[in-house]
Number of protein chains: 2
Amino acid sequence: MNAPLPNTFFDVDARRPVPPAMLEGLKARFGERCSTARAVCEQHGRDESPIDVPPPEVVVFCESNDDVAAVVQLAHAHAVPVIPYGVGSSLEGHLLAVQGGVSIDLSRMNRVLRINAEDLTVTVQAGVTRTQLNREIKDTGLFFPIDPGADASIGGMSATRASGTNAVRYGTMRENVLGLTVVTASGELIHTGTRARKSSAGYDLTRLFVGSEGTLGVMTEITLRLYPLPEAVSAAICSFPSIDAAVQTTIQVIQMGVPIARCELLDTNAVRAVNQHDRLALAESPMLLMEFHGSEAGVAEQAQTVQEIARDFGGTDFDWATTPEARTKLWTARHHAYFAAIQTRPGCRVVTSDTCVPISRLAESINDSVAEAEEAGLPYFIVGHVGDGNFHLAYLIDPAVPAERETAERLNLQMVERALRLEGTCSGEHGVGLHKMGFLVTEAGSGAVEQMRLIKRALDPRNIMNPGKIFAL
Amino acid sequence: MNAPLPNTFFDVDARRPVPPAMLEGLKARFGERCSTARAVCEQHGRDESPIDVPPPEVVVFCESNDDVAAVVQLAHAHAVPVIPYGVGSSLEGHLLAVQGGVSIDLSRMNRVLRINAEDLTVTVQAGVTRTQLNREIKDTGLFFPIDPGADASIGGMSATRASGTNAVRYGTMRENVLGLTVVTASGELIHTGTRARKSSAGYDLTRLFVGSEGTLGVMTEITLRLYPLPEAVSAAICSFPSIDAAVQTTIQVIQMGVPIARCELLDTNAVRAVNQHDRLALAESPMLLMEFHGSEAGVAEQAQTVQEIARDFGGTDFDWATTPEARTKLWTARHHAYFAAIQTRPGCRVVTSDTCVPISRLAESINDSVAEAEEAGLPYFIVGHVGDGNFHLAYLIDPAVPAERETAERLNLQMVERALRLEGTCSGEHGVGLHKMGFLVTEAGSGAVEQMRLIKRALDPRNIMNPGKIFAL
């Protein structure tokens, strides 16, 4: 397996400058919404990955489907790269301008277009963020469950096939995007899917674009499934004597078919960071943070089953949060875990793993990774959507010390190799971006990656859509 | 919209004969497993659609991945069509040899390869049927929920993105296929997906092949999600004064978020046919056939909620089947409905609709279709997965009377046009095949169909994989 080292992604020969004629075209149409200011370009040229690459040359702030189509048409004519930009929270270098070009900022396309509460669907522009969406549909009695750590845009979440804490019950973006409006590589608007819950009408273009990381087209509008707010919700934390005990509890909960809505692991390091950041007093040991959705009776039943399992594995301090305020406090803390942990080492960058394995292999997957992390001595923390078999072990590295980065990358590689041996995947939810291109080949095999390449070449013959990502062409 | 009339699909100029060198190659490798016998070819040249086309020239009975790869490699070399064949239960002409070629019979690839009960997954060969699968995993306490009317093969169900009665709770093949082994158009074996529940690793090839109707590759092995058998199951039938009353009940059940496992509509004609065929004494009026899965308490709660809603719409004779035997009897009758109804008009062929709409539009979608059917005077029946917004109105036509076929096709077209106006799809679960190629263009738009075409050309440049289906190249 070939583990690409960060900062070797950028090939100066691969830069494709924006020709003056194209820049003029963009300025003529977009005026001040087309920026070449250094600060603006730099802001659009980085994400939460530990990778540094020179920024895009131009940023265009789009406000409509037609705006996006106009940029792509120009880019197509001049064979210049375009990279869609939401809030910049991707973790694997997805939006870095490795070949230069134009960043298409979609953050102003932030309207909730249609709420169809009677059908449990909503259509939004790509720049709407997940918290904005849930705020705007609050009065309908419905909610959208997918919640990556950051307040990402729905477009970005679709592009990376994101999931989060609720996926164990509600699925990921793969299951929850019904249809799309897409600007293709030639700048044409197409629609995929309908508002029907299911369809057998032709190739599943929706799910081809979902997870394609901007390499096949720009998703500008997304129709999503919504869910009725459960009649009863109950959240609980439970401390365990070891990570293994927490994981064994999780495995049994899933195998028994308990319809748990959230089942999150925080290791001691993550709990400690959260305690500091959110001024909480959680017991500083491995913890499961769980949530149950259903009727009053159903939630009580689930909770009892899980408590019994947890007790068998030494789970203690089962602590319930039944009021919305208490729950919000807990889940806010969970969502802060990543940024809270980063703050424990000022100036650090983060190398994050994202493996996901079949549930029965989760203990081996996590335990061995923890042992390696402990041995290496780098600061790290673990948060995990363990109900899905997915966890993140994040190393906090000093960017000025190359040896730290190399160690973190080596350990990340070992984790991926282990996950693949256990019949899992190198990426549960973060995507491939730049960082996992080598892993993808090992996971999928060169034949399958070649099928992806054929699709890319067919749909984007000029290789302008976020080029250089997922696989080498 | 262009509604192609049956029997205009076959273009004699499009036939691509199997050259002698290829036939010799097939006979050398497969011996008696390669057949050109007329009866064998004819059996592999028709499905449950009302369309007649000359059969394939050769049938090869494959027993391994390598067998399939060998056939496809020969077909690739000679630019001859191949058509995967499971049990022949497709409804839209999917496996008709419109351009001649070789039928790849997968029915002998019928082994359940790996049961991973601890992960709720199973890997099967494509020729395993759904009832066989559930028989073989019976002792694990798990089940596979997807159940189209016929005892279809898992390969065929994957190819058409099938669903059935449980989809309202458990999803369709789209949600339940985790990974695939595929023979590509060049005869190479690739693997897509892993056994992990979710992944963001590259393009979603799994979901591109699922629903591609054999036009991109031959799926030979399929890894599926399984589900724990619910602790409690309860089935009920309820009679309604009108189809509208049954549909309104369904809409409210779904909008309230009741996690109903099955919610099936049978119209009076279907109930009558089932009574005759299965010697039952169901009240001959529109009926909902429902099932609830969960804990004892959960099932009781769901049932009570649904009973209250049904009563508001005039539902009567709520009749419970809580023993496995009583349930099996009911659901067997439901699965017989299609064939039972066909037998009410000996010698008939069937033109079946398959529209699926957002749940709030279901009443309009069904009521108007019923009015048109009543006015037309053709024998018909309705069965519907109404919880999904999907129903089938099937016309029983005399194949010797062209006017009947024309009427049925015209009414089918009207149903599709209405479904698209209501933001639904022309196909909830049967697929496009030959029959809905015109509908697909109207539904998806020429731009989206062009993206499909580009993918097809890229992955199958010689157009050998089930050519002439889904869209014209």
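Proteins come first, then strands; the chains are lettered A, B, ... in the order of their sequence lines, and each starts at number 1.
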Counting only non-hydrogen atoms closer than 4.5 Å, does [X] touch chain A with its backbone (N, CA, C, O), its side chain (CB onward), both, or neither?
| X | result |
| --- | --- |
| Glu118(B) | both |
| Tyr227(B) | neither |
| Val168(B) | both |
| Ile470(B) | side chain |
| Arg207(B) | both |
| Cys426(B) | side chain |
| Leu120(B) | side chain |
| Leu229(B) | neither |
| Val432(B) | both |
| Glu188(B) | side chain |
| Gln255(B) | both |
| Thr121(B) | neither |

Examine whether an atom of [X] lies under 4.5 Å from a heavy atom of chain B, and if so say whether it belongs to the side chain, the backbone or both; otherwise answer neither.
| X | value |
| --- | --- |
| Thr160(A) | backbone |
| Glu301(A) | side chain |
| Glu443(A) | side chain |
| Leu205(A) | side chain |
| Asp204(A) | both |
| Ile254(A) | both |

Do you know the tightest heavy-atom contact between [X] and [Y]?
| X | Y | result |
| --- | --- | --- |
| Phe292(A) | Val299(A) | O-CG2, 3.7 Å |
| Ala69(B) | Val183(B) | CA-CG1, 3.8 Å |
| Ser199(B) | Arg174(A) | N-NH1, 4.3 Å |

Quiz item: Between Arg421(A) and Glu364(A), is there a salt bridge with N-O shorter than 4.0 Å?
Solution: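 Arg421(A) and Glu364(A): not salt-bridged.
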
Quiz prompt | Test: Lys198(B) and Asp388(A) ion pair at under 4.0 Å | solution =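 Asp388(A) and Lys198(B): salt-bridged.
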
Pairwise side-chain contact, [X] with [Y], heavy-atom cut-off 4.5 Å (strictly under):
| X | Y | result |
| --- | --- | --- |
| Glu450(A) | Thr184(B) | no |
| Phe391(A) | Ser365(A) | yes |
| Arg161(A) | Val210(A) | yes |
| Val416(A) | Thr355(A) | yes |
| Pro148(B) | Met157(B) | yes |
| Thr165(A) | His385(A) | yes |
| Leu473(B) | Phe471(B) | yes |

Tell me, out of [options], who's got the most heavy-atom pairs with chain B below 4.5 Å.
| options | answer |
| --- | --- |
| Gly211(A), Gly424(A), Gly428(A), Ala444(A) | Gly428(A) |
| Asn390(A), Leu178(A), Leu216(A), Ile251(A) | Leu216(A) |
| Met256(A), Glu175(A), Arg361(A) | Arg361(A) |
| Ala458(A), Pro228(A), Ser360(A) | Ser360(A) |
| Arg457(A), Lys456(A), Glu213(A), Met173(A) | Lys456(A) |
| Thr215(A), Leu459(A), Leu208(A) | Leu459(A) |

Would you mind telling me which of [options] has the largest number of heavy-atom pairs within less than 4.5 Å of chain A?
| options | result |
| --- | --- |
| Cys356(B), Gly389(B), Gly257(B) | Cys356(B) |
| Gly202(B), Ala117(B), Gly447(B), Pro230(B) | Gly202(B) |
| Thr172(B), Thr425(B), Val449(B) | Thr425(B) |
| Gly294(B), Gly171(B), Ala201(B) | Ala201(B) |

Self-check item: side chain to side chain donor-acceptor pair (under 3.5 Å) between Gln302(B) and Thr305(B), intermediate numbers included
Solution: CA-CA 5 Å; Gln302(B) 293 175 47; Thr305(B) 306; over 6 Å; no

Self-check item: Proximity of His430(A) and His435(A) rings by center, below 6.0 Å
Solution: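 No, the ring of His430(A) stays outside the 6.0 Å limit from the ring of His435(A), centre to centre.
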
Quiz item: Looking just at side-chain N and O atoms, do Thr181(A) and His191(A) make a donor-acceptor pair shorter than 3.5 Å?
Solution: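 Side chains of Thr181(A) and His191(A): pair found under 3.5 Å.
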
Exercise. Could you check Val122(B), Thr123(B), Leu142(B) and say which one makes a side-chain contact (heavy atoms from CB on, under 4.5 Å) with Ile115(B)?
Key: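 That would be Val122(B); it is the only one of Val122(B), Thr123(B), Leu142(B) passing the side-chain contact (heavy atoms from CB on, under 4.5 Å) with Ile115(B).
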
